[in-house]
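Worksheet for the structure shown next.
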There are 2 protein chains.
Amino acid sequence: MPDIKHFDPDETLDVVVRLFWRQGVATTGVQDIVTATGLNRSSLYATFGGKQELYLAALRRYRERRSQPMFRRLTEGDRGLPAVAEFFDSLIAVRCSGEYARWGCMVSNAHAGAENGDPDVRAVLDRHHQELRDALYTALTAAAARAQLAAGTDPEATAELLALLAYGVNLRSRAGADARTLRGTVTAALDSIGRAPLA
Amino acid sequence: MPDIKHFDPDETLDVVVRLFWRQGVATTGVQDIVTATGLNRSSLYATFGGKQELYLAALRRYRERRSQPMFRRLTEGDRGLPAVAEFFDSLIAVRCSGEYARWGCMVSNAHAGAENGDPDVRAVLDRHHQELRDALYTALTAAAARAQLAAGTDPEATAELLALLAYGVNLRSRAGADARTLRGTVTAALDSIGRAPLA
DNA sequence: GCCATCTTGGAATCAGGATTCCAAGATACT
DNA sequence: AGTATCTTGGAATCCTGATTCCAAGATGGC
(Lines give C-alpha, C1' and ligand atoms only; values in the text may rest on other atoms or scores of the structure.)
Protein backbone atom coordinates (compact mmCIF):
# COMPACT_ATOMS: atom_id res chain seq x y z
CA MET A 1 0.00 0.00 0.00
CA PRO A 2 2.72 2.50 0.78
CA ASP A 3 4.60 4.56 -1.70
CA ILE A 4 8.19 3.51 -2.41
CA LYS A 5 11.33 5.62 -2.51
CA HIS A 6 11.84 7.59 -5.67
CA PHE A 7 15.61 7.29 -5.46
CA ASP A 8 18.32 4.74 -4.74
CA PRO A 9 19.68 5.13 -1.22
CA ASP A 10 22.77 3.22 -2.26
CA GLU A 11 23.76 5.65 -4.97
CA THR A 12 22.98 8.53 -2.66
CA LEU A 13 25.36 7.19 -0.05
CA ASP A 14 28.14 7.07 -2.60
CA VAL A 15 27.62 10.73 -3.35
CA VAL A 16 27.58 11.55 0.34
CA VAL A 17 30.81 9.62 0.86
CA ARG A 18 32.51 11.87 -1.64
CA LEU A 19 31.35 14.99 0.18
CA PHE A 20 32.41 13.91 3.65
CA TRP A 21 35.61 12.38 2.36
CA ARG A 22 36.75 15.54 0.66
CA GLN A 23 35.46 18.19 3.06
CA GLY A 24 35.00 16.44 6.37
CA VAL A 25 31.84 16.39 8.39
CA ALA A 26 32.08 19.76 10.12
CA THR A 27 32.45 21.76 6.93
CA THR A 28 29.83 19.87 4.96
CA GLY A 29 26.34 21.26 5.37
CA VAL A 30 23.11 19.40 4.92
CA GLN A 31 22.44 21.89 2.16
CA ASP A 32 25.57 20.65 0.36
CA ILE A 33 24.21 17.14 0.55
CA VAL A 34 20.81 18.20 -0.72
CA THR A 35 22.44 19.98 -3.63
CA ALA A 36 24.86 17.19 -4.50
CA THR A 37 22.36 14.36 -4.28
CA GLY A 38 19.42 16.24 -5.76
CA LEU A 39 17.36 14.77 -2.94
CA ASN A 40 14.96 16.60 -0.75
CA ARG A 41 15.69 17.28 2.89
CA SER A 42 12.66 15.26 3.93
CA SER A 43 13.80 12.20 2.01
CA LEU A 44 17.27 12.47 3.48
CA TYR A 45 16.08 12.69 7.04
CA ALA A 46 13.45 9.99 6.56
CA THR A 47 15.95 7.59 5.04
CA PHE A 48 19.14 8.17 6.97
CA GLY A 49 18.22 10.12 10.08
CA GLY A 50 20.25 13.20 10.91
CA LYS A 51 23.61 14.40 9.67
CA GLN A 52 25.66 12.43 12.17
CA GLU A 53 23.99 9.16 11.29
CA LEU A 54 24.48 9.95 7.64
CA TYR A 55 28.15 10.52 8.29
CA LEU A 56 28.49 7.23 10.08
CA ALA A 57 26.75 5.42 7.25
CA ALA A 58 29.07 7.12 4.77
CA LEU A 59 32.13 6.21 6.82
CA ARG A 60 31.09 2.58 6.94
CA ARG A 61 30.35 2.65 3.24
CA TYR A 62 33.80 4.06 2.58
CA ARG A 63 35.39 1.18 4.43
CA GLU A 64 33.33 -1.39 2.59
CA ARG A 65 33.91 0.00 -0.85
CA ARG A 66 37.37 1.51 -0.57
CA SER A 67 39.37 0.05 2.28
CA GLN A 68 38.33 -3.53 2.66
CA PRO A 69 38.83 -4.49 -1.00
CA MET A 70 42.41 -3.27 -0.73
CA PHE A 71 42.93 -5.19 2.49
CA ARG A 72 41.64 -8.32 0.82
CA ARG A 73 44.01 -7.97 -2.10
CA LEU A 74 46.83 -7.65 0.39
CA THR A 75 46.30 -11.15 1.71
CA GLU A 76 45.17 -12.90 -1.46
CA GLY A 77 47.47 -15.57 -2.79
CA ASP A 78 49.88 -15.40 0.13
CA ARG A 79 52.28 -13.48 -2.03
CA GLY A 80 54.02 -11.79 0.86
CA LEU A 81 56.15 -8.73 0.23
CA PRO A 82 55.11 -8.19 -3.39
CA ALA A 83 51.52 -7.89 -2.22
CA VAL A 84 52.60 -5.32 0.34
CA ALA A 85 54.49 -3.35 -2.28
CA GLU A 86 51.50 -3.47 -4.58
CA PHE A 87 49.23 -2.31 -1.78
CA PHE A 88 51.31 0.80 -1.21
CA ASP A 89 51.63 1.45 -4.93
CA SER A 90 47.86 1.42 -5.34
CA LEU A 91 47.44 3.51 -2.24
CA ILE A 92 49.79 6.21 -3.46
CA ALA A 93 48.20 6.14 -6.92
CA VAL A 94 44.74 6.75 -5.51
CA ARG A 95 45.92 9.41 -3.07
CA CYS A 96 47.95 11.42 -5.56
CA SER A 97 46.20 11.10 -8.89
CA GLY A 98 42.78 10.68 -10.39
CA GLU A 99 39.45 11.78 -9.05
CA TYR A 100 40.37 11.44 -5.40
CA ALA A 101 43.81 13.03 -5.52
CA ARG A 102 44.53 15.04 -2.39
CA TRP A 103 41.43 13.81 -0.61
CA GLY A 104 43.47 11.64 1.72
CA CYS A 105 41.73 8.71 3.36
CA MET A 106 38.33 9.28 4.88
CA VAL A 107 39.20 7.13 7.90
CA SER A 108 42.54 8.84 8.46
CA ASN A 109 40.83 12.19 8.18
CA ALA A 110 38.30 11.10 10.76
CA HIS A 111 41.12 10.41 13.20
CA ALA A 112 42.16 14.05 13.18
CA GLY A 113 38.77 15.70 13.30
CA ALA A 114 36.36 16.27 16.13
CA GLU A 115 34.18 13.51 14.67
CA ASN A 116 36.27 11.01 16.57
CA GLY A 117 34.53 12.13 19.75
CA ASP A 118 31.52 10.06 18.77
CA PRO A 119 31.92 6.55 20.22
CA ASP A 120 30.40 4.97 17.12
CA VAL A 121 32.92 6.73 14.93
CA ARG A 122 35.72 5.76 17.26
CA ALA A 123 34.65 2.14 17.01
CA VAL A 124 34.88 2.31 13.24
CA LEU A 125 38.35 3.79 13.45
CA ASP A 126 39.57 1.09 15.81
CA ARG A 127 38.06 -1.63 13.69
CA HIS A 128 39.70 -0.13 10.62
CA HIS A 129 43.08 -0.05 12.25
CA GLN A 130 42.73 -3.60 13.42
CA GLU A 131 41.81 -4.83 9.96
CA LEU A 132 44.63 -2.95 8.30
CA ARG A 133 47.13 -4.27 10.79
CA ASP A 134 45.80 -7.80 10.49
CA ALA A 135 45.96 -7.75 6.72
CA LEU A 136 49.53 -6.53 6.80
CA TYR A 137 50.38 -9.10 9.42
CA THR A 138 48.96 -11.88 7.28
CA ALA A 139 50.95 -10.68 4.30
CA LEU A 140 54.11 -10.51 6.41
CA THR A 141 53.74 -14.01 7.79
CA ALA A 142 53.30 -15.19 4.22
CA ALA A 143 56.48 -13.29 3.40
CA ALA A 144 58.25 -14.98 6.29
CA ALA A 145 57.09 -18.39 5.09
CA ARG A 146 58.59 -17.58 1.71
CA ALA A 147 61.83 -16.41 3.29
CA GLN A 148 61.37 -12.90 2.01
CA LEU A 149 62.05 -11.24 5.33
CA ALA A 150 65.34 -10.14 6.83
CA ALA A 151 66.35 -12.05 9.91
CA GLY A 152 65.02 -10.51 13.09
CA THR A 153 62.02 -8.89 11.46
CA ASP A 154 59.04 -9.21 13.76
CA PRO A 155 55.87 -9.50 11.65
CA GLU A 156 53.63 -8.10 14.35
CA ALA A 157 55.56 -4.92 15.04
CA THR A 158 56.29 -4.50 11.36
CA ALA A 159 52.60 -4.75 10.50
CA GLU A 160 51.86 -1.97 12.93
CA LEU A 161 54.74 0.04 11.51
CA LEU A 162 53.47 -0.28 7.97
CA ALA A 163 49.96 0.62 9.10
CA LEU A 164 51.24 3.84 10.65
CA LEU A 165 53.23 4.49 7.49
CA ALA A 166 50.02 4.21 5.51
CA TYR A 167 48.41 6.81 7.75
CA GLY A 168 51.37 9.05 7.13
CA VAL A 169 51.00 8.61 3.38
CA ASN A 170 47.32 9.43 3.65
CA LEU A 171 47.93 12.57 5.64
CA ARG A 172 50.73 13.97 3.56
CA SER A 173 49.00 13.19 0.30
CA ARG A 174 46.16 15.42 1.41
CA ALA A 175 48.60 18.28 1.66
CA GLY A 176 49.80 17.53 -1.85
CA ALA A 177 52.82 15.32 -1.22
CA ASP A 178 54.67 14.19 -4.31
CA ALA A 179 53.94 10.63 -5.42
CA ARG A 180 57.57 9.96 -6.31
CA THR A 181 58.72 10.92 -2.86
CA LEU A 182 56.10 8.76 -1.22
CA ARG A 183 57.02 5.80 -3.39
CA GLY A 184 60.68 6.27 -2.51
CA THR A 185 59.81 6.30 1.16
CA VAL A 186 57.78 3.13 0.95
CA THR A 187 60.52 1.44 -1.02
CA ALA A 188 63.03 2.31 1.66
CA ALA A 189 60.74 0.85 4.30
CA LEU A 190 60.20 -2.39 2.42
CA ASP A 191 63.89 -2.67 1.61
CA SER A 192 64.81 -2.49 5.26
CA ILE A 193 62.31 -5.23 6.01
CA GLY A 194 63.11 -7.54 3.13
CA ARG A 195 66.09 -9.76 2.72
CA ALA A 196 69.01 -7.97 1.13
CA PRO A 197 68.68 -9.03 -2.52
CA LEU A 198 72.36 -9.55 -3.30
CA ALA A 199 74.34 -10.31 -0.18
CA MET B 1 48.12 58.93 24.51
CA PRO B 2 46.19 55.85 23.53
CA ASP B 3 44.96 53.25 25.91
CA ILE B 4 46.94 50.01 26.09
CA LYS B 5 45.67 46.46 26.01
CA HIS B 6 44.27 45.16 29.24
CA PHE B 7 45.43 41.62 28.56
CA ASP B 8 48.47 39.74 27.31
CA PRO B 9 48.02 38.66 23.67
CA ASP B 10 50.73 36.08 24.16
CA GLU B 11 48.93 34.26 26.95
CA THR B 12 45.73 34.50 25.01
CA LEU B 13 47.28 32.80 22.04
CA ASP B 14 48.37 29.90 24.21
CA VAL B 15 44.80 29.41 25.35
CA VAL B 16 43.57 29.59 21.77
CA VAL B 17 46.15 27.01 20.70
CA ARG B 18 44.70 24.58 23.17
CA LEU B 19 41.20 25.06 21.79
CA PHE B 20 42.10 24.64 18.14
CA TRP B 21 44.52 21.83 18.90
CA ARG B 22 41.95 19.78 20.74
CA GLN B 23 38.80 20.56 18.75
CA GLY B 24 39.99 21.74 15.38
CA VAL B 25 39.02 24.98 13.73
CA ALA B 26 35.64 24.04 12.30
CA THR B 27 34.18 22.89 15.60
CA THR B 28 35.58 25.71 17.68
CA GLY B 29 33.35 28.75 17.81
CA VAL B 30 34.39 32.30 18.47
CA GLN B 31 32.14 32.04 21.49
CA ASP B 32 34.31 29.18 22.79
CA ILE B 33 37.34 31.41 22.44
CA VAL B 34 35.63 34.29 24.20
CA THR B 35 34.67 32.01 27.05
CA ALA B 36 38.05 30.31 27.36
CA THR B 37 40.13 33.45 27.19
CA GLY B 38 37.79 35.68 29.17
CA LEU B 39 38.36 38.27 26.50
CA ASN B 40 35.75 40.31 24.78
CA ARG B 41 34.88 39.78 21.17
CA SER B 42 35.96 43.31 20.31
CA SER B 43 39.40 42.82 21.80
CA LEU B 44 39.81 39.53 19.96
CA TYR B 45 38.91 40.96 16.59
CA ALA B 46 40.92 44.15 17.16
CA THR B 47 44.01 42.21 18.14
CA PHE B 48 44.01 39.17 15.90
CA GLY B 49 41.56 39.84 13.08
CA GLY B 50 38.98 37.16 12.32
CA LYS B 51 38.79 33.53 13.25
CA GLN B 52 40.89 32.28 10.36
CA GLU B 53 43.74 34.66 11.14
CA LEU B 54 43.52 33.65 14.76
CA TYR B 55 43.78 30.02 13.74
CA LEU B 56 46.84 30.70 11.64
CA ALA B 57 48.47 32.58 14.48
CA ALA B 58 47.69 29.69 16.81
CA LEU B 59 49.08 27.16 14.35
CA ARG B 60 52.32 29.11 14.03
CA ARG B 61 52.51 29.45 17.76
CA TYR B 62 52.05 25.72 18.17
CA ARG B 63 54.99 25.08 15.88
CA GLU B 64 57.19 27.57 17.71
CA ARG B 65 56.39 26.33 21.17
CA ARG B 66 55.75 22.64 20.62
CA SER B 67 57.30 21.34 17.42
CA GLN B 68 60.45 23.29 16.86
CA PRO B 69 61.91 22.72 20.34
CA MET B 70 61.57 18.99 19.76
CA PHE B 71 63.18 19.27 16.35
CA ARG B 72 66.10 21.15 17.89
CA ARG B 73 66.66 18.51 20.53
CA LEU B 74 66.74 15.94 17.76
CA THR B 75 69.86 17.45 16.22
CA GLU B 76 71.61 18.71 19.34
CA GLY B 77 74.91 17.06 20.14
CA ASP B 78 75.00 14.95 17.00
CA ARG B 79 73.96 11.94 19.02
CA GLY B 80 72.42 10.09 16.10
CA LEU B 81 70.04 7.22 16.75
CA PRO B 82 69.70 7.76 20.51
CA ALA B 83 68.41 11.24 19.78
CA VAL B 84 65.89 9.79 17.35
CA ALA B 85 64.76 7.23 19.89
CA GLU B 86 64.42 9.94 22.51
CA PHE B 87 62.43 12.07 20.11
CA PHE B 88 59.86 9.35 19.58
CA ASP B 89 59.74 8.54 23.27
CA SER B 90 58.92 12.14 24.12
CA LEU B 91 56.43 12.29 21.28
CA ILE B 92 54.55 9.23 22.47
CA ALA B 93 54.64 10.47 26.05
CA VAL B 94 53.05 13.78 25.12
CA ARG B 95 50.51 12.19 22.82
CA CYS B 96 49.32 9.49 25.21
CA SER B 97 49.61 10.97 28.70
CA GLY B 98 49.37 14.23 30.53
CA GLU B 99 47.35 17.28 29.70
CA TYR B 100 47.48 16.79 25.94
CA ALA B 101 46.78 13.07 25.81
CA ARG B 102 44.67 12.15 22.80
CA TRP B 103 44.89 15.60 21.29
CA GLY B 104 47.20 14.40 18.54
CA CYS B 105 49.41 16.97 16.86
CA MET B 106 47.86 20.25 15.81
CA VAL B 107 49.78 20.22 12.53
CA SER B 108 48.89 16.62 11.73
CA ASN B 109 45.29 17.39 12.52
CA ALA B 110 45.41 20.34 10.16
CA HIS B 111 46.47 18.01 7.35
CA ALA B 112 43.23 16.09 7.58
CA GLY B 113 40.81 18.95 8.01
CA ALA B 114 39.33 21.37 5.55
CA GLU B 115 41.61 24.05 6.99
CA ASN B 116 44.34 22.87 4.65
CA GLY B 117 42.46 24.53 1.79
CA ASP B 118 43.85 27.86 2.95
CA PRO B 119 47.15 28.50 1.14
CA ASP B 120 48.66 30.08 4.24
CA VAL B 121 47.83 27.00 6.28
CA ARG B 122 49.18 24.76 3.55
CA ALA B 123 52.44 26.69 3.60
CA VAL B 124 52.77 26.09 7.33
CA LEU B 125 52.16 22.39 6.85
CA ASP B 126 54.78 22.11 4.14
CA ARG B 127 57.28 24.06 6.17
CA HIS B 128 56.61 21.82 9.14
CA HIS B 129 57.13 18.69 7.13
CA GLN B 130 60.34 20.02 5.71
CA GLU B 131 61.71 20.92 9.13
CA LEU B 132 60.77 17.58 10.61
CA ARG B 133 62.36 15.73 7.73
CA ASP B 134 65.47 17.88 7.87
CA ALA B 135 65.90 17.39 11.60
CA LEU B 136 65.58 13.63 11.21
CA TYR B 137 67.98 13.70 8.29
CA THR B 138 70.54 15.58 10.33
CA ALA B 139 70.22 13.10 13.16
CA LEU B 140 70.57 10.20 10.73
CA THR B 141 73.69 11.56 9.10
CA ALA B 142 75.12 11.97 12.58
CA ALA B 143 74.16 8.36 13.18
CA ALA B 144 75.89 7.33 9.96
CA ALA B 145 79.04 9.20 10.99
CA ARG B 146 79.00 7.26 14.23
CA ALA B 147 78.50 3.98 12.42
CA GLN B 148 75.14 3.41 14.04
CA LEU B 149 73.31 2.63 10.82
CA ALA B 150 72.87 -0.67 9.07
CA ALA B 151 74.62 -0.90 5.73
CA GLY B 152 72.47 0.29 2.85
CA THR B 153 70.34 2.63 4.97
CA ASP B 154 69.65 5.79 3.00
CA PRO B 155 69.42 8.71 5.41
CA GLU B 156 67.23 10.76 3.12
CA ALA B 157 64.54 8.16 2.49
CA THR B 158 64.74 7.02 6.09
CA ALA B 159 64.19 10.55 7.35
CA GLU B 160 61.04 10.77 5.28
CA LEU B 161 59.97 7.37 6.53
CA LEU B 162 60.37 8.36 10.16
CA ALA B 163 58.53 11.61 9.51
CA LEU B 164 55.56 9.71 8.12
CA LEU B 165 55.79 7.34 11.07
CA ALA B 166 55.50 10.34 13.39
CA TYR B 167 52.35 11.43 11.59
CA GLY B 168 50.97 7.95 12.05
CA VAL B 169 51.74 8.07 15.76
CA ASN B 170 50.04 11.44 16.01
CA LEU B 171 46.91 10.24 14.24
CA ARG B 172 46.49 7.00 16.09
CA SER B 173 47.20 8.57 19.45
CA ARG B 174 44.22 10.84 18.88
CA ALA B 175 42.04 7.78 18.61
CA GLY B 176 43.46 6.50 21.88
CA ALA B 177 46.27 4.22 20.71
CA ASP B 178 48.15 2.44 23.46
CA ALA B 179 51.53 3.97 24.32
CA ARG B 180 53.15 0.55 24.72
CA THR B 181 52.11 -0.49 21.25
CA LEU B 182 53.37 2.73 19.75
CA ARG B 183 56.69 2.40 21.51
CA GLY B 184 57.02 -1.16 20.27
CA THR B 185 56.37 -0.02 16.74
CA VAL B 186 58.94 2.73 16.90
CA THR B 187 61.47 0.34 18.39
CA ALA B 188 60.91 -2.06 15.51
CA ALA B 189 61.48 0.76 13.04
CA LEU B 190 64.68 1.93 14.68
CA ASP B 191 65.94 -1.63 15.03
CA SER B 192 65.55 -2.23 11.33
CA ILE B 193 67.51 0.93 10.65
CA GLY B 194 70.27 0.50 13.20
CA ARG B 195 73.17 -1.87 13.07
CA ALA B 196 72.34 -5.25 14.54
CA PRO B 197 73.68 -4.95 18.10
CA LEU B 198 75.17 -8.46 18.47
CA ALA B 199 75.98 -10.00 15.15
C1' DG C 1 43.26 67.55 35.29
C1' DC C 2 42.39 67.36 30.26
C1' DC C 3 42.12 65.37 25.73
C1' DA C 4 43.11 62.59 21.86
C1' DT C 5 43.27 57.78 21.19
C1' DC C 6 42.91 53.39 21.91
C1' DT C 7 40.37 49.41 24.36
C1' DT C 8 36.42 47.29 26.15
C1' DG C 9 31.59 45.55 26.97
C1' DG C 10 27.64 43.98 25.10
C1' DA C 11 24.03 44.42 22.05
C1' DA C 12 22.90 44.14 17.26
C1' DT C 13 23.40 42.16 12.79
C1' DC C 14 23.04 39.01 9.28
C1' DA C 15 24.11 34.71 7.30
C1' DG C 16 23.86 29.96 7.57
C1' DG C 17 23.43 25.86 10.36
C1' DA C 18 20.28 21.49 11.40
C1' DT C 19 15.91 19.91 11.93
C1' DT C 20 10.70 19.71 11.72
C1' DC C 21 6.28 20.12 9.75
C1' DC C 22 2.45 19.73 6.65
C1' DA C 23 0.09 19.75 2.50
C1' DA C 24 0.47 17.56 -1.96
C1' DG C 25 1.86 13.60 -4.67
C1' DA C 26 2.71 8.81 -5.61
C1' DT C 27 2.05 3.90 -4.77
C1' DA C 28 0.10 -0.86 -4.48
C1' DC C 29 -3.15 -3.64 -2.56
C1' DT C 30 -8.34 -4.39 -2.37
C1' DA D 1 -11.26 3.28 -8.83
C1' DG D 2 -10.60 3.83 -3.87
C1' DT D 3 -7.88 4.22 0.07
C1' DA D 4 -4.46 3.68 3.54
C1' DT D 5 0.35 4.62 3.71
C1' DC D 6 4.40 6.13 2.56
C1' DT D 7 7.36 9.78 0.04
C1' DT D 8 8.23 14.29 -1.49
C1' DG D 9 8.60 19.44 -1.94
C1' DG D 10 9.41 23.48 0.22
C1' DA D 11 8.45 26.60 3.64
C1' DA D 12 9.00 27.41 8.47
C1' DT D 13 11.48 26.97 12.72
C1' DC D 14 14.89 27.78 15.82
C1' DC D 15 19.57 27.94 16.94
C1' DT D 16 24.19 29.14 16.56
C1' DG D 17 27.76 30.84 13.52
C1' DA D 18 31.00 35.04 12.55
C1' DT D 19 31.38 39.74 12.40
C1' DT D 20 30.30 44.74 13.26
C1' DC D 21 29.03 48.72 15.75
C1' DC D 22 28.81 52.20 19.23
C1' DA D 23 28.68 54.07 23.62
C1' DA D 24 31.39 53.84 27.81
C1' DG D 25 35.85 53.22 30.00
C1' DA D 26 40.78 53.50 30.47
C1' DT D 27 45.37 55.45 29.40
C1' DG D 28 49.40 58.49 29.10
C1' DG D 29 51.42 62.67 27.52
C1' DC D 30 50.61 67.70 28.07
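Quick note: numbers below take in every heavy atom, side chains included, and nothing from hydrogens, waters or symmetry partners. Here is how names work: the chains are called A, B, and so on, in the same order as the sequence lines, proteins then strands, and each is numbered from 1. Owing to the predicted nature of the structure, the values given are computational and were not obtained by experimental measurement.
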[N] [atom2] sits how many Å from [X] [atom1], rounded?
{"X": "B:N40", "N": "D:dG25", "atom1": "CG", "atom2": "C1'", "value": "12 Å"}
{"X": "A:D32", "N": "C:dG17", "atom1": "CG", "atom2": "P", "value": "7 Å"}
{"X": "B:L19", "N": "D:dG17", "atom1": "CG", "atom2": "P", "value": "13 Å"}
{"X": "A:L39", "N": "D:dT8", "atom1": "CG", "atom2": "P", "value": "7 Å"}
{"X": "B:D3", "N": "C:dT7", "atom1": "CG", "atom2": "P", "value": "7 Å"}

Got a second to check how far A:D14's CG is from A:E11's CD, nearest 0.5 Å?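 Rounded to the nearest 0.5 Å, the CG-CD separation comes to 8.0 Å.
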
CG/A:D178 to SG/A:C96 distance, rounded to the nearest 0.5 angstrom? 7.5 Å

Could you note down all residue pairs passing salt bridge (Lys or Arg N to Asp or Glu O under 4.0 Å) where residues 42-56 of chain B supplies at least one of them, sequence neighbours left out?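 Output for this query is empty, none listed.
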
Remember a base hit wins even if backbone is also touched, and classify B:T28 as base, sugar-phosphate or nothing at under 4.0 Å, heavy atoms. sugar-phosphate

Does A:G104 offer a backbone N or O that forms a donor-acceptor pair with the side chain of A:W21 under 3.5 Å?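 Side chain of A:W21 to backbone of A:G104: a pair is present.
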
Distance-only, no hydrogens or angles: does the B:R174 side chain make a donor-acceptor pair with backbone N or O of B:R22 under 3.5 Å? yes

Check the orientation of A:Y167 and A:H111. Use parallel for under 30°, tilted for 30 to 60°, and perpendicular for over 60°.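 It falls in the tilted class, 30° to 60°.
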
A:S42 has a side chain; which of C:dC6, C:dT19, C:dC21 sits nearest to it?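 Closest nucleotide among those given: C:dC21.
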
Side-chain donor-acceptor pairs under 3.5 Å in residues 78-90 of chain B, sequence neighbours left out?
from, atom 1, to, atom 2, distance (Å)
B:R79, NE, B:E76, O, 3.3
B:R79, NH1, B:E86, OE1, 3.1
B:R79, NH2, B:R73, O, 3.0
B:S90, OG, B:E86, O, 2.9

Which residue, A:R63, A:M106, A:Q68, A:R133, forms the side chain to side chain contact (heavy atoms under 4.5 Å, CB included) with A:H128? A:R63

Would you list the protein and nucleotides 11-15 of chain D atom pairs, both N or O, that sit under 3.5 Å from each other?
none

What parts of residues 43-62 of chain B reach DNA chain D, counting only heavy atoms under 4.0 Å away? B:Y45, B:G50, B:K51

Close residues, residues 4-17 of chain A, relative to DNA chain D [heavy-atom separation under 4.0 Å]: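 A:I4, A:K5, A:H6, A:F7, in order of number.
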
Cluster question for you: counting only ILVMFWY and a side-chain heavy-atom cut-off of under 4.5 Å, with indirect links fine, are B:L125 and B:L91 together?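 No, B:L125 does not connect to B:L91 through the hydrophobic network.
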
Could you pull out all residues at least two apart from B:T27 that satisfy side chain to side chain contact (heavy atoms under 4.5 Å, CB included)? A:A26, A:A114, B:Q23

Please determine whether side-chain contact (heavy atoms from CB on, under 4.5 Å) holds for the pair A:L136 and A:L161, giving the CA-CA distance in whole Å, both sets of side-chain angles, and the decisive distance to 0.1 Å. CA-CA 10 Å; A:L136 286 165; A:L161 169 62; over 6 Å; no

